[in-house]
Amino acid sequence: MIARLLRIYGKVQGVYFRDSAVMLSGELGLNGWVRNRCDGTVEVLLEGEPAAVDAFILWAQRGPTAARVDKVCVIELGLQACKGFIPRPTL
């Protein structure tokens with residue numbers, strides 16, 4: 001199991017990014033959370049098997065259809081012991 005924190009830049013709010021992330025994380029068996037940030041980015045914490053985390057990161061580089069992803073920053077973290085995958089309030 002691995003954990004990664006993603007910060008996603010571009011036109012990523014108001015384009016169904018968070019809901020799409022919740023659905024994809026369920027399909028991939030990932031734990032964590034997703035939230036909008038006041039600066040217009042989306043932040044995602046992922047925990048799971050390396051192949052599933054990598055698949056999510058690959059998807060995040062393009063996002064849902066209406067999104068325009070300019071950049072994805074990925075930070076390695078220690079496991080946070082998340083249960084399930086939830087949307088969080090904007091920070």
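Fair warning: this is a prediction, and the values are worked out from it, not measured in the lab.
Following chains of ILVMFWY side-chain contacts shorter than 4.5 Å, one can reach Phe85 starting from Leu24, so the two form part of one hydrophobic cluster. When the side chains of ILVMFWY residues are joined at heavy-atom separations under 4.5 Å, either directly or via intervening members, Phe56 and Val69 end up in a single hydrophobic cluster. In the hydrophobic clustering of ILVMFWY residues, with side-chain heavy atoms under 4.5 Å counting as a link, Val74 and Val42 come out together. Residues Val12 and Leu5 are members of separate hydrophobic clusters, defined by side-chain heavy-atom contacts under 4.5 angstrom among Ile, Leu, Val, Met, Phe, Trp and Tyr.
In this structure, CD1 on Ile8 lies 12.5 Å from NZ on Lys71, to the nearest 0.5 angstrom. Once rounded to the nearest 0.5 Å, the distance linking CD of Glu47 with CG of Leu77 reads 8.5 Å. Here the CG-CG distance, from Leu30 to Leu45, works out to 10.0 Å after rounding to the nearest 0.5 Å. Within the model, atoms CG of Leu91 and CD of Glu43 stand 6.5 Å from one another, a figure rounded to the nearest 0.5 Å. Separating the OH atom in Tyr9 from the CZ atom in Arg68 is a distance of 14.0 Å, to the nearest 0.5 Å. Distance CG/Leu6 to CD1/Ile57: 5.0 Å, rounded to 0.5 Å.
Val34 approaches Val44 most closely through the heavy-atom pair CG2-CG2, 3.7 Å. Between Ser20 and Pro64, the closest heavy-atom pair is OG-CB, 3.7 Å.
A side-chain contact (heavy atoms from CB on, under 4.5 Å) with Ile2 holds for exactly one of Leu79, Val53, Leu46; it is Val53.
When side chains are defined from C-beta on, Gln80 does not count as touching Trp33, because their heavy atoms never get closer than 4.5 Å. With a 4.5 Å cut-off on side-chain heavy atoms, Ile86 and Arg18 do not count as touching.
For the ring-ring contact (aromatic ring centres under 6.0 Å, His included) test, residues two or more places apart in sequence or in another chain that qualify with Phe17 are Trp59.
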Exercise for the section: Please report the C-alpha distance between Asp54 and Arg4 in whole Å, then the side-chain angles of each, then the deciding distance to 0.1 Å, and finally whether the salt bridge (Lys or Arg N to Asp or Glu O under 4.0 Å) criterion is met. Expected result: CA-CA 10 Å; Asp54 289 344; Arg4 299 292 183 268; over 6 Å; no
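A donor-acceptor distance shorter than 3.5 angstrom exists from the side chain of Gln13 to the backbone of Arg37, with no hydrogens or angles considered. For the pair Asn31 (side chain) and Gly84 (backbone), a donor-acceptor distance under 3.5 Å is present.
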